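A quick write-up on the structure given underneath.
Worth saying up front: this structure is predicted, and the values here are computed from it rather than measured.
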Amino acid sequence: MLVRLRARPGAEVIDVIEADFTTVDAGGPFDVVLIAFSTLFLVPSQAGQLDCLANARAHLRPGGMVVVEAFPPRS
């Protein structure tokens with residue numbers, strides 16, 4: 001996906017970090033950290049999921065929010 005992104009016009013103005021989102025230092029602080037498209041649920045362990053959430057929180061400025069995009073499970 002990163003190769004495809006980098007091939008698009010204007011991609012050079014987008015900061016891209018390829019890393020493990022449970023440990024990455026993405027800079028910040030940020031007002032919002034988005035964990036998009038259910039990626040939290042792709043982390044294979046509960047401990048890893050908690051690490052991901054803690055890392056997201058560590059990137060926030062005071063009063064910031066972590067947003068987890070998810071879906072309601074089917075019955």
Side-chain angles (χ1 to χ4, degrees):
M1 291 179 76
L2 293 178
V3 171
R4 291 181 70 186
L5 171 66
R6 290 181 179 123
R8 297 190 61 115
E12 68 280 354
V13 300
I14 299 171
D15 291 330
V16 177
I17 300 170
E18 183 176 0
D20 180 336
F21 52 61
T22 64
T23 58
V24 67
D25 180 356
F30 302 104
D31 292 323
V32 176
V33 173
L34 171 64
I35 302 174
F37 302 116
S38 304
T39 53
L40 182 64
F41 306 114
L42 297 175
V43 179
S45 69
Q46 183 180 25
Q49 291 172 343
L50 292 172
D51 289 343
C52 180
L53 291 168
N55 193 35
R57 184 177 184 272
H59 283 80
L60 293 175
R61 65 178 32 116
M65 289 188 275
V66 174
V67 177
V68 179
E69 181 180 21
F71 59 91
R74 295 181 187 203
S75 302

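No more than 12 heavy-atom neighbours from other residues, nucleotides or ligands sit within 6.0 angstrom of CD on Q46.
Within the 4.5 Å cutoff, no side-chain heavy atoms of L5 are placed close to those of M1. Looking at heavy atoms from C-beta onward, R61 lies in side-chain contact with D31 at the 4.5 angstrom threshold. Residues F21 and V43 form a side-chain contact, since some pair of their non-hydrogen atoms from C-beta on lies under 4.5 Å apart. A heavy-atom distance below 4.5 Å is not found between the side chains of N55 and T22. Between L60 and V33 there is a side-chain heavy-atom pair separated by less than 4.5 Å.
Across all non-hydrogen atoms, the minimal contact from G48 to S45 is N-OG, 2.9 Å.
Remark: the backbone N or O of A26 is paired with a side-chain donor or acceptor of H59 at under 3.5 angstrom.
Linking Ile, Leu, Val, Met, Phe, Trp and Tyr residues whenever their side-chain heavy atoms come within less than 4.5 Å places V13 and V16 in a single cluster.
The CD1 atom of I14 sits 11.0 Å away from atom CG of L2, with the distance rounded to the nearest 0.5 Å.
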